[in-house]
Amino acid sequence: MSTYDIIYDIVRQIPVGKVATYGQVAELANLAGKARLVGYALYRVDIQSSDIPWHRVINAKGEISHSTLRQGTDYLQKTLLEEEGIILTSDGKIKLSQYQWQPS
DNA sequence: CCGGTGACCCGAG
DNA sequence: GCTCGGGCCACCG
């Protein structure tokens, strides 16, 4: 059971149509303050064949995180979120007040 | 073993 | 709004 497995478990619990922030996932995984690890963990995920809804994880500002290393998967993320019914604002942000996952 | 590298976050100015 | 700086720590060469 590695640190990453715990992170992946949390991400798998995010329901359709909701999102969570990196920091939020870190907290739920008992890794408060280590949001960076969450980002790194998702970077390592196999986008093609994993069962992890990686696209439901965004940064604390409600934006999709961009990186030169993502090779267009950031655009894919936007598309997948819209397919789940999440409306992005004209400047590409997500309203956390409306869509953020509230774990029980 | 060591150091560079991140899909991050928050507070200060 | 912005930019900086510090904290975080697993991974990889």
Side-chain angles (χ1 to χ4, degrees):
Chain A
M1 197 61 172
S2 74
T3 304
Y4 282 7
D5 293 325
I6 300 176
I7 293 173
Y8 297 145
D9 280 346
I10 300 297
V11 176
R12 271 191 280 259
Q13 293 171 37
I14 305 174
V16 175
K18 292 289 179 180
V19 298
T21 66
Y22 293 95
Q24 183 182 4
V25 172
E27 282 183 29
L28 294 171
N30 265 319
L31 298 168
K34 302 167 192 164
R36 240 185 148 157
L37 286 187
V38 177
Y40 198 61
L42 292 185
Y43 168 69
R44 306 280 306 162
V45 167
D46 182 357
I47 304 293
Q48 308 288 332
S49 60
S50 76
D51 59 336
I52 302 168
W54 54 272
H55 57 280
R56 300 193 190 124
V57 185
I58 59 179
N59 69 26
K61 303 186 208 80
E63 301 171 316
I64 291 170
S65 291
H66 296 83
S67 163
T68 51
L69 304 175
R70 292 192 64 181
Q71 312 263 32
T73 61
D74 44 359
Y75 177 75
L76 173 62
Q77 180 168 10
K78 175 176 181 288
T79 309
L80 291 173
L81 290 174
E82 287 175 335
E83 285 177 0
E84 293 187 352
I86 293 176
I87 310 295
L88 305 201
T89 60
S90 53
D91 47 344
K93 295 188 187 175
I94 292 168
K95 289 185 182 177
L96 289 176
S97 59
Q98 184 176 0
Y99 296 113
Q100 183 168 32
W101 176 37
Q102 310 291 353
S104 29

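Here is the naming used below: chain letters follow the sequence lines, and residue numbers restart at 1 for every chain.
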**Message:** Contact list please: residues 71-96 of chain A against DNA chain C, heavy atoms, distance less than 4.0 Å, in numerical order.
**Reply:** none

**Results of side-chain hydrogen bond (donor to acceptor under 3.5 Å, both in side chains) for A/T73 - residues two or more places apart only** = A/R70

**Request:** With sequence neighbours excluded, tell me which residues meet side-chain hydrogen bond (donor to acceptor under 3.5 Å, both in side chains) with A/T89.
**Result:** A/D91

**Request:** Can you measure from CD1 (A/I58) to CG (A/D74) and round to the nearest 0.5 angstrom?
**Result:** 14.0 Å

**Request:** Output every pair passing salt bridge (Lys or Arg N to Asp or Glu O under 4.0 Å) with a member in residues 49-60 of chain A, not counting sequence neighbours, ordered by first then second residue.
**Result:** A/R12-A/D51, A/R56-A/E84

**Asked** In B/S/- notation, 5' to 3', how is nucleotides 3-13 of chain C contacted by protein heavy atoms closer than 4.0 Å?
**Response** ----BBBSBS-

**Request:** Looking at every strand, decide which applies to A/I47 at a 4.0 Å heavy-atom threshold: base, sugar-phosphate, or nothing.
**Result:** base

**Asked** A/L31 CG to B/dG6 P: how many Å, rounded?
**Response** 21 Å

**Prompt:** Which is true for A/L69 with a 4.0 Å heavy-atom rule: it touches a base, it touches only sugar-phosphate, or it touches nothing?
**Reply:** sugar-phosphate

Pair up each side-chain donor or acceptor in residues 95-104 of chain A with any protein partner under 3.5 Å, not counting sequence neighbours, and list the distances.
unit_1, atom_1, unit_2, atom_2, d
A/Y99, OH, A/I87, N, 3.1
A/Q100, NE2, A/Q24, OE1, 2.8

**Message:** Suppose we screen for side-chain contact (heavy atoms from CB on, under 4.5 Å). Which residues come up paired with A/D46, at least two apart in sequence or across chains?
**Reply:** A/Q48, A/S49

**Asked** Residues sharing A/M1's hydrophobic cluster, by side-chain heavy-atom contacts under 4.5 Å among ILVMFWY, directly or via others?
**Response** A/I6

**Item:** A/K78: partners by salt bridge (charged side-chain N to carboxylate O under 4.0 Å, His left out), with sequence neighbours left out
**Value:** A/E82

